[in-house]
Amino acid sequence: MSAAPIIPGFHPDPSICRVEDDYYLVTSSFEYKPGVPIFHSRDLTSWELIGNALERNDQLSIPSSAGGGGIYAPTIRHHGGHFWLITTNFNEVRKGHLIASATNPAGPWSSPVYTEGVLGIDPDLFWDVDGTCYLTWAGYDRTGIAILQAPINPETGAILGETQEAWQGTGLANTEAPHVYRRGDWYYLMLAEGGTERGHAVTIARSRSLAGPWESNPANPILSHRSTSSPVQNTGHADLVETPDGQWAMVYLGVRPTGPTPGFHANGRETFLAGVSWVDDWPVVDEDAFTVPEWAGDIDDEFTDTELAHHWIGPGLNPAEFTSRGPDGGIAIVPSATHRALLARRVEHQSWEARATVDAGTGRLVLRLDEAHWIAVESARDTVSARVVIGPADQVLATAAVTSAAVVLAIRSTSEATGMFPIATVADILNVGYYEAEEFTALATIDGRYISTEVAGGFTGRVIGVEPVSASKPATLRRFEYRAL
Ligand code: 6LW
């Protein structure tokens, strides 16, 4: 199989739809804003970020930068000339799922309506042949989690009929991620099971009626890498799409763990692509069906455009809210009283380097997994320091004197094997330092496992960016470079 994701880095829970020759794909964004990145493709293999659905405060509010909530798995569909997005802001899970719509998928998206009275995650919208829209979701009830379904008015969020239990999967843990499809005379209900860790799997059932009875595919799971030596693990949470010529494809999430047991993944859950053929009206997944082009993703931003590029995000706050153009070039990153003002982007490569040119004494380059797991190189007036935060430990590892007015802070991730044995002893090696006259000086070398999901937990991945060092004075960022190594 191809070990290359179509959208690398923290882009989990992909959902896809097609309008004529154009495909649109969305992923979860958790505590980061703007929420729900939207990608476009015409060939399923090469994708471009065209916007983010939830940009405004009337669409998404995240109470702090701490994480653990925010936007869980979305579903995108096109129906009746509109794009429909349904997802859950876990911070407001008791309000129900939120539904927004747009005529242009790049935005603007509407203010959301909520599915009041519905409690759970992973909502799906499906329009039946008679035009009735159905909400299917992983619901919480007294007995735990159950796949539930009810007719809905997507324009208001109102539930229009009784909630029914749908197919509950094959009996593995954490049945979630339901998506409903119709192909020929069959309805299909696809789920994720086994949890989003190593046991993750995709299962499917079919029925002649949405009300059931559901027949489980005898070949379930149709996708799982559990107990295999594949470099891609945790495969699950999938969505299907039909191509203009009647072929089918699947997008799903996976991770690429490295290092010693139990394996560590740092860039989060990424989006992968497979082909799907139909045998006896059951989908058969072909992971080798597509050749995925190399992901470019390098950036060199001097912030000369009036709008920030779509890939800039912030924990809990939209960067548009805490940045402004500097009077003499660059961008000012203004401290926030409520959130961490971190102008960040997702890390998308296994080996990479980021450089940030900041005015001396104003900024800090941060590699963040979550609020309790991050490393940084920060600029004081005449010095730069490497800093690491792991849980309650917050340590400056080294400091060096620098003289220039603008400082080039840098963090590099490399994966070369170290030591005497040809086995990986770390996941990646993080070098934290600075550049002077194009020469890198490492202040500290940090074991990348500390900035990985297997240590920190959670659903996200690494992001890298710049924030002010002072609670009252903006950072001036003149240039941000990120490239694969
Ligand atoms: C998501 C669930 C899952 O809601 O993880 O991998 C949860 N699948 O379906 C968070 O992404």
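In listed order, ligands and their atoms are each counted from 1.
The pair Arg345-Asp301 does not meet the salt-bridge criterion, since no charged nitrogen lies less than 4.0 angstrom from a carboxylate oxygen. Electrostatic pairing of Glu454 and Arg198 counts as a salt bridge here, judged by a charged N lying under 4.0 Å from a carboxylate O.
Among protein heavy atoms, the minimum distance from atom 5 (O) of ligand 1 is reached at Arg269 NH1, 3.2 Å. Among protein heavy atoms, atom 3 (C) of ligand 1 sits closest to Glu176 OE2, 3.4 Å. In terms of protein heavy atoms, atom 11 (O) of ligand 1 is closest to Asp13 OD2, 2.4 Å.
The distance from ligand 1 to the heavy atoms of His200 drops below 4.0 Å at these ligand atoms: 6 (O). Every atom of ligand 1 is numbered from 1 in the order shown, and the set under 4.0 Å from a heavy atom of Leu253 is 6 (O). Of all atoms in ligand 1, listed by their number and element, those nearer than 4.0 Å to a heavy atom of Ile121 are 4 (O). Distances below 4.0 Å separate heavy atoms of Thr196 from the following atoms of ligand 1: 6 (O), 8 (N).
Ranked by closest heavy atom to atom 1 (C) of ligand 1, the top entry among Asp122, Thr88, Thr27 is Asp122.
Evaluation of the salt bridge (Lys or Arg N to Asp or Glu O under 4.0 Å) test over residues 46-75, restricted to residues two or more places apart or in two chains, returns Arg56-Asp58.
Results of the ring pair (Phe, Tyr, Trp, His ring centres under 6.0 Å) test with His40 over Tyr24, Tyr23, Trp47 single out Tyr24 as the only residue that passes. Just one residue in the list Ile222, Asp239, Val241, Ile16 forms a side-chain contact (heavy atoms from CB on, under 4.5 Å) with Met250, and that residue is Ile222.
At a 3.5 angstrom cut-off on N or O pairs, Tyr72 does not count as close to ligand 1. In terms of polar-atom proximity, defined here as any N/O pair under 3.5 Å, His237 does make such a contact with ligand 1.
Within the 4.0 Å heavy-atom criterion, neither part of Phe90 lies near ligand 1.
Taking the ring axis of Trp186 as reference, the NZ or CZ atom of Arg208 stays within 45° of it and closer than 6.0 Å to the ring centre.
Legend: residues meeting salt bridge (charged side-chain N to carboxylate O under 4.0 Å, His left out) with Asp281, ordered by chain and number and at least two apart, are Arg183.
Classified by interplanar angle (parallel below 30°, tilted 30° to 60°, perpendicular above 60°), the ring pair Trp84/His82 is perpendicular.
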